[in-house]
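In what follows, chains are A, B, ... by sequence order, proteins preceding strands, each numbered from 1. No experiment lies behind these values; they were computed from the predicted model shown.
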Number of protein chains: 2
Amino acid sequence: MPARSRRKRRAILDAALEAFLAGGYDAANLDAISSAAGVSKVTIYQHFGSKEGLFVALIEEEIHRAEHESDEYLEARTDSPDVEEDLRSFAREFLETVMSPHLVAMRRLVVATAPRFPALAEAWFRNGPERGYETLADLFRRLDEQGRLRVPDARVAARAFTWLLLGAPLNEAMFRVDWAGSDPEQRAALADDAVEVFLMAYGRTGPRQADGEMLP
Amino acid sequence: MPARSRRKRRAILDAALEAFLAGGYDAANLDAISSAAGVSKVTIYQHFGSKEGLFVALIEEEIHRAEHESDEYLEARTDSPDVEEDLRSFAREFLETVMSPHLVAMRRLVVATAPRFPALAEAWFRNGPERGYETLADLFRRLDEQGRLRVPDARVAARAFTWLLLGAPLNEAMFRVDWAGSDPEQRAALADDAVEVFLMAYGRTGPRQADGEMLP
DNA sequence: CTGTATCTGTACTCACCAGTTCAGAAAGGT
DNA sequence: ACCTTTCTGAACTGGTGAGTACAGATACAG
């Protein structure tokens with residue numbers, strides 16, 4: 001509750017985030033974290049109880065932060081005359097966000113610690129990919145109802161869009177650590193490719209019979 | 001030189017693989033590995049010099065093993081009358097392979113250690129995803145030439161196919177550790193969905209204008 | 001059979017690090 | 001100004017685990 005306490009807690013969490021992201025869970029050193037935070041090691045234990053406690057608190061906080069940030073930009077994307085251009089700009093922004101160095105590093109950290117902290121990984125998954133699918137599915141359902149896209153199964157389309165866009169760069173980023181997603185131009189090109197393929201499948205511009213549907 | 005030496009080496013590598021996969025690099029204990037391998041700890045050092053040396057040798061061996069295995073089943077897949085069914089069965093097999101518990105665990109291990117062993121992660125990436133792209137691109141180029149598919153850019157199509165198929169399950173497996181890919185039926189359904197979307201985009205059955213091409 | 005290379009068991013060093021102790025200092029709310 | 005809560009520094013414990021030393025056993029080749 002108090003005032004100073006909050007500052008200390010923040011400082012600890014900030015330093016801890018950097019340390020965990022830099023070297024992973026095991027490599028992070030509480031002595032180093034405490035001194036980087038300008039705080040006594042005892043204070044860390046008063047706040048978080050243990051290294052695990054600190055880690056859990058940290059990841060949970062990051063999950064909430066990401067949740068609030070993503071809630072904003074995923075809203076209301078259907079109100080333009082040009083669906084294709086809308087999808088393109090959305091795809092670029094989406095890719096840019098997910099491929100940010102911070103999120104990529106977080107992703108690697110959560111994946112690496114998933115065996116030891118399965119609940120955290122589960123929470124991350126639900127607030128990340130799974131929420132993303134649902135939001136996208138809603139979007140595609142709307143676009144289908146408005147006749148701007150031809151989407152037989154919105155959930156399948158949401159997954160398709162997500163991984164057409166993110167699969168290759170995210171996978172590469174997991175293995176090539178420094179590769180911060182190459183340059184913005186290449187990312188934009190990647191996003192455009194993804195949208196193009198997506199539109200080949202779901203664009204309104206031609207009849208598809210793959211699930212038995214035809215245009216009137 | 002070898003006779004007994006080779007057996008020892010094998011035993012060490014087998015035990016080490018299990019240990020590293022079970023708990024990650026840091027958790028693996030050389031005393032435990034040596035006793036599991038029925039070998040003295042000194043022998044490990046005679047063979048591999050250090051824990052890092054052991055790990056590197058192990059991963060490199062796994063890379064070669066995977067390389068040889070994958071070389072086989074990715075061959076000659078274009079010689080059937082029904083392309084769609086071909087793609088479906090190929091997708092199922094591909095998904096089954098990549099989602100095998102062993103490969104999923106290896107993937108997590110390599111990703112987790114990528115910051116400390118970037119060369120290994122790089123090698124894994126090149127022998128895995130990147131080789132896969134090329135093989136698939138060749139396949140789609142052939143299918144396009146034969147008029148069975150309409151593939152304007154084979155490299156884009158290869159990435160699209162890969163991630164339509166693997167994106168969702170692989171991502172989920174990274175976060176949900178026990179989730180061994182759900183049951184085979186669900187995986188087959190997933191593969192079929194992926195192929196269906198892929199065919200919506202690349203199927204020969206309708207005119208697409210997305211890159212300016214039309215059917216004659 | 002014999003010599004050499006390799007293995008073994010045990011016991012050791014050394015470094016690192018999570019977590020604790022405690023007496024005292026520094027806020028901060030009222 | 002005062003009293004309580006929170007923080008500090010520094011030294012300590014205890015456990016773990018990588019890597020080493022060495023003297024003797026064991027396999028294998030020729």
- Please, which pairs that meet salt bridge (charged side-chain N to carboxylate O under 4.0 Å, His left out) have at least one residue in residues 27-36 of chain A, sequence neighbours excluded?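 Passing the test, one end in residues 27-36 of chain A: A/Asp31-A/Lys41.
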
- Message: Looking at A/His47, I'd like to know whether one of its side-chain N or O atoms comes within less than 4.0 Å of OP1 or OP2 on D/dT6.
- Response: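 Answer no for this pair, as no side-chain N or O of A/His47 is under 4.0 Å from OP1 or OP2.
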
- Message: Below the 4.0 Å mark, does C/dA5 have OP1 or OP2 next to a side-chain nitrogen or oxygen of B/Ser5?
- Response: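 Checking B/Ser5 against C/dA5: no side-chain N or O falls below 4.0 Å of OP1 or OP2.
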
What is the distance, rounded to the nearest whole Å, between atom [atom1] of [X] and atom [atom2] of [N]?
X: B/Gln46; N: C/dT6; atom1: CD; atom2: P; result: 8 Å
X: B/Phe20; N: D/dG17; atom1: CZ; atom2: C1'; result: 13 Å
X: B/Ile33; N: D/dG17; atom1: CD1; atom2: P; result: 11 Å
X: B/Arg6; N: D/dC28; atom1: CZ; atom2: P; result: 12 Å
X: A/Ile44; N: C/dC17; atom1: CD1; atom2: C1'; result: 13 Å
X: B/Phe55; N: D/dG17; atom1: CZ; atom2: P; result: 17 Å

- Residues in side chain to side chain donor-acceptor pair (under 3.5 Å) contact with A/Arg9, at least two apart in sequence or another chain: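 Expected list: none.
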
- Item | Any residue meeting side chain to side chain donor-acceptor pair (under 3.5 Å) with A/Glu96, in chain and number order, not counting sequence neighbours |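 Partners of A/Glu96 by the side chain to side chain donor-acceptor pair (under 3.5 Å) criterion, ordered by chain and then number, come out as A/Arg187.
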
- Using the C1' atoms of five pairs at each end, what's the angle between the two axes of the helix from C/dC1-D/dG30 to C/dG28-D/dC3, to 10 degrees?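 So the angle between the two local helix axes works out to 30°.
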
Taking side chain to side chain contact (heavy atoms under 4.5 Å, CB included) as the test, write out the residues that go with [X], two or more places apart.
X: B/Leu170; result: B/Val98, B/Met99, B/Arg107, B/Trp163, B/Leu166
X: A/Asp138; result: A/Arg141
X: B/Leu190; result: A/Arg159, B/Leu95, B/Pro169
X: A/Ala112; result: B/Ala112

- Which residues satisfy the salt bridge (charged side-chain N to carboxylate O under 4.0 Å, His left out) test with A/Glu62, sequence neighbours excluded?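 Here the qualifying residues are A/Arg65.
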
- Query: Any donor and acceptor pair, going by atom type alone, linking the side chain of B/Asn127 with main-chain N or O of B/Ala123 inside 3.5 Å?
  - Reply: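 Judged by distance alone, yes, a pair lies under 3.5 Å.
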
Show me the protein contacts with nucleotides 25-29 of chain C, counting only N or O atoms at under 3.5 Å.
unit_1: C/dG28; atom_1: OP1; unit_2: A/Arg7; atom_2: NH2; d: 3.1

Could you pull out every donor-acceptor pair under 3.5 Å between side chains of residues 17-26 of chain B and any protein atom, sequence neighbours left out?
unit_1: B/Tyr25; atom_1: OH; unit_2: B/Glu52; atom_2: N; d: 3.4
unit_1: B/Asp26; atom_1: OD1; unit_2: B/Arg116; atom_2: NH2; d: 2.9
unit_1: B/Asp26; atom_1: OD2; unit_2: B/Arg116; atom_2: NH2; d: 3.0

- Item | Short N-O contact, A/Glu145 and A/Arg142, less than 4.0 angstrom |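 No, this pair does not count.
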
- Query: What nucleic acid atoms does A/Gly38 come within less than 4.0 Å of, heavy atoms only: base, sugar-phosphate, or nothing?
  - Reply: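 Result for A/Gly38 = sugar-phosphate.
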
Do any N or O atoms of the protein come closer than 3.5 Å to N or O atoms of nucleotides 18-21 of chain C, and which pairs are they?
unit_1: C/dA18; atom_1: OP1; unit_2: A/Ala28; atom_2: O; d: 3.2
unit_1: C/dA18; atom_1: OP1; unit_2: A/Lys51; atom_2: NZ; d: 3.0
unit_1: C/dA18; atom_1: OP2; unit_2: A/Leu30; atom_2: N; d: 3.0
unit_1: C/dG19; atom_1: OP2; unit_2: A/Tyr45; atom_2: OH; d: 3.3
unit_1: C/dG19; atom_1: OP2; unit_2: A/Lys51; atom_2: N; d: 2.8
unit_1: C/dG19; atom_1: N7; unit_2: A/Lys41; atom_2: NZ; d: 2.8
unit_1: C/dG19; atom_1: O6; unit_2: A/Lys41; atom_2: NZ; d: 2.9

